[in-house]
There are 2 protein chains.
Amino acid sequence: MPRPDRSEERRAELLPVVAEAFAELGYRRASTAELADRCGVRVNILYRLWPDKQAMFIAAIRHVFDRSLETWEALLADGGDAGAPELLRYEAKHLGEHGFYRILFAGLGETDDPEIKAALAETYADFLAFIRTQVAAHRGAPPRGGGAAVDLAVWAILGLGTIANVGRELGLLPPRLRERLLPEMGDLLLDG
Amino acid sequence: MPRPDRSEERRAELLPVVAEAFAELGYRRASTAELADRCGVRVNILYRLWPDKQAMFIAAIRHVFDRSLETWEALLADGGDAGAPELLRYEAKHLGEHGFYRILFAGLGETDDPEIKAALAETYADFLAFIRTQVAAHRGAPPRGGGAAVDLAVWAILGLGTIANVGRELGLLPPRLRERLLPEMGDLLLDG
DNA sequence: ACGTTATGTAAGCATAGACTTACACCATGG
DNA sequence: CCATGGTGTAAGTCTATGCTTACATAACGT
């Protein structure tokens with residue numbers, strides 16, 4: 001028998017690097033050569049681990065989302081039962097540290113690629129569902145309860161996180177203000 | 001004397017087409033050949049009107065913003081004095097029809113280009129100032145008054161418009177809900 | 001020890017895309 | 001009517017980039 005297949009481990013090692021490159025550069029500018037450089041390997045290594053660049057990007061989307069979700073779930077598990085407000089305050093400080101929004105923006109520029117769009121939509125739907133659970137719980141409703149009012153609040157809260165990133169990216173939203181945006185406007189939206 | 005220079009008029013004719021292409025395709029995928037095709041000319045014509053592709057994009061940013069602002073100002077001038085709430089209701093129906101958000105997302109993917117970033121930030125700052133005036137007026141404050149509370153509300157409202165576009169783009173925000181998002185959550189934020 | 005097969009290196013290919021050049025044409029003002 | 005210079009067409013250059021191939025090397029199980 002030959003050497004065992006370590007592709008899975010290799011993917012797990014390189015994916016964070018790949019994801020960060022995509023988040024930082026966007027889809028087009030993250031060339032395969034650049035990805036390989038950052039991983040400290042040659043391009044064909046990447047092509048042995050994923051069939052094409054599109055697959056690398058889709059894997060990166062999933063990865064970034066999974067990491068973010070892990071963090072939030074750990075936070076909720078640790079910190080007693082503050083729930084949604086605690087998440088808001090955490091995000092105000094650690095805004096987009098996993099590159100969630102940058103990957104989202106990068107992906108939104110590729111929505112004519114049906115597979116990328118589908119992966120993005122699916123991942124974001126999971127994200128949405130997670131937040132929805134928190135908002136519903138905050139309002140004393142069952143996980144899927146609370147009706148359209150909860151949905152509206154969820155979207156509005158996601159809007160806060162999104163615009164906070166845009167504002168920071170453009171250097172238009174001063175840090176002092178940014179730190180207040182999610183907690184203060186978030187609480188307002190949470191309580192309706 | 002030879003023929004008079006019609007460059008200015010030509011730019012004005014082609015810019016809407018160029019802007020739409022950038023909004024639809026993003027910066028990278030809107031190739032100069034594609035831009036020229038849509039304009040019904042050859043590439044070098046574009047290069048006679050703008051020094052390079054970057055300049056075309058920056059012109060497109062300004063154009064899209066100017067068109068949007070014109071529309072909103074006309075709306076406010078016409079429709080009595082409903083002000084901010086009327087804008088929210090208008091945008092709920094005509095969401096992003098000038099490609100404002102798509103250009104923004106496209107530009108956010110190019111923020112390592114300092115000139116593009118600067119143009120984007122400057123344009124968005126104007127947008128921000130316009131909305132701020134409306135929100136301040138709604139709260140009975142002078143144009144620049146109202147303090148940080150107004151700033152927070154402004155950012156949160158911009159978040160609504162932004163996330164409404166993201167949700168639509170990904171097919172995750174049903175039209176029925178989307179039409180309620182800006183008016184209902186917007187009013188909540190407007191009134192604090 | 002040995003054959004099998006993953007892993008790594010290096011070079012190459014084909015295409016696309018930003019930008020240029022050469023040139024024909026024609027509207028304009030004197 | 002004619003010279004000037006703006007307008008349009010066609011082709012070309014050069015680089016970047018997605019992806020492949022050929023080959024050397026180094027484990028692993030028997």
Side-chain angles (χ1 to χ4, degrees), chain A residues 1-15 17-61 106-107 109-110 112-116 119, chain B residues 1-15 17-61 106-107 109-110 112-116 119:
Chain A
M1 281 263 194
R3 301 165 65 170
D5 190 340
R6 287 190 31 89
S7 300
E8 208 55 56
E9 293 90 323
R10 208 82 179 90
R11 266 188 286 267
E13 282 169 39
L14 300 188
L15 196 46
V17 184
V18 167
E20 193 180 339
F22 276 125
E24 197 178 317
L25 301 171
Y27 186 76
R28 304 310 250 212
R29 276 213 329 269
S31 66
T32 54
E34 173 78 21
L35 295 175
D37 269 0
R38 291 184 178 221
C39 289
V41 299
R42 307 279 162 181
V43 276
N44 63 334
I45 306 267
L46 297 182
Y47 281 94
R48 282 214 270 263
L49 298 173
W50 293 280
D52 50 27
K53 186 182 169 181
Q54 185 203 60
M56 300 173 205
F57 186 62
I58 289 175
I61 294 174
E110 306 298 325
D112 68 326
D113 180 322
E115 302 198 42
I116 289 183
Chain B
M1 282 264 190
R3 301 164 66 170
D5 189 341
R6 290 192 27 89
S7 299
E8 208 56 56
E9 292 91 321
R10 207 83 181 90
R11 265 190 285 268
E13 282 169 39
L14 300 188
L15 196 47
V17 183
V18 167
E20 193 179 338
F22 275 125
E24 199 178 316
L25 301 171
Y27 187 76
R28 298 315 240 214
R29 278 214 329 269
S31 66
T32 53
E34 173 76 23
L35 295 175
D37 269 0
R38 291 185 179 220
C39 290
V41 299
R42 307 279 161 182
V43 275
N44 64 333
I45 306 265
L46 296 182
Y47 280 94
R48 281 215 271 264
L49 298 172
W50 292 281
D52 50 27
K53 186 182 169 182
Q54 185 202 60
M56 300 174 205
F57 186 63
I58 289 175
I61 293 174
E110 306 298 324
D112 69 327
D113 180 322
E115 302 199 41
I116 288 182

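Per chain, numbering begins at 1; letters A, B, ... match sequence-line order.
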Handout entry: Mutual orientation of the aromatic rings belonging to A/Y27 and A/F22 [parallel < 30°, tilted 30-60°, perpendicular > 60°]
Key = parallel
Practice task
For B/R29, enumerate each residue passing the side-chain hydrogen bond (donor to acceptor under 3.5 Å, both in side chains) test, keeping only those at least two apart in sequence or located in another chain.
Solution key: A/E110, A/D112
Fill in the blank from the handout: When rounded to whole Å, the CE to P distance for the pair A/M56 and D/dC19 reads 7 Å
Exercise for the section: Please state how far atom CD in B/E34 lies from atom P in C/dG17, giving the value in whole angstrom units. Expected result: 9 Å
Problem - N/O (side chain, B/T32) to phosphate O (OP1/OP2, C/dA18) under 4.0 Å - result: yes
Fill in the blank from the handout: To the nearest angstrom, the OH-P distance between A/Y27 and D/dG18 comes to 8 Å
Practice task
Check whether any side-chain nitrogen or oxygen of B/R6 sits under 4.0 Å from OP1 or OP2 of D/dG8, and answer yes or no.
Solution key: no
Practice task
Specify the separation, in whole Å, of atom NZ of B/K53 and atom P of C/dT20.
Solution key: 14 Å
Practice task
Of all the heavy-atom pairs spanning A/I58 and A/E115, show the shortest one and how long it is.
Solution key: CD1-O, 3.8 Å
Pairs under 3.5 angstrom, nitrogen or oxygen only, protein versus nucleotides 9-11 of chain C, please.
unit_1 : atom_1 : unit_2 : atom_2 : d
C/dT9  : O4     : A/N44  : ND2    : 2.3
C/dA10 : OP2    : A/R42  : NH2    : 2.9
C/dA10 : N6     : A/N44  : ND2    : 3.2

Exercise for the section: Give the rounded distance in Å between these two atoms: CG of A/D52 and P of D/dT20. Expected result: 8 Å
Problem - Over 12 foreign heavy atoms within 6.0 Å of CD, B/E34 - result: yes
Exercise for the section: In whole angstrom, give the distance that lies between atom CZ of B/F22 and atom C1' of C/dG17. Expected result: 13 Å
Practice task
Could you tell me whether the side chain of A/N44 and the main chain of A/Y47 form a donor-acceptor pair under 3.5 Å?
Solution key: no
Problem - Separation of atom OH in A/Y47 from atom C1' in D/dA22, rounded to whole Å - result: 18 Å
Handout entry: side-chain contact (heavy atoms from CB on, under 4.5 Å) involving A/D37 - partner list, sequence neighbours excluded
Key = none
Problem - Length of the CG-C1' vector between B/L35 and C/dC19, whole Å - result: 13 Å
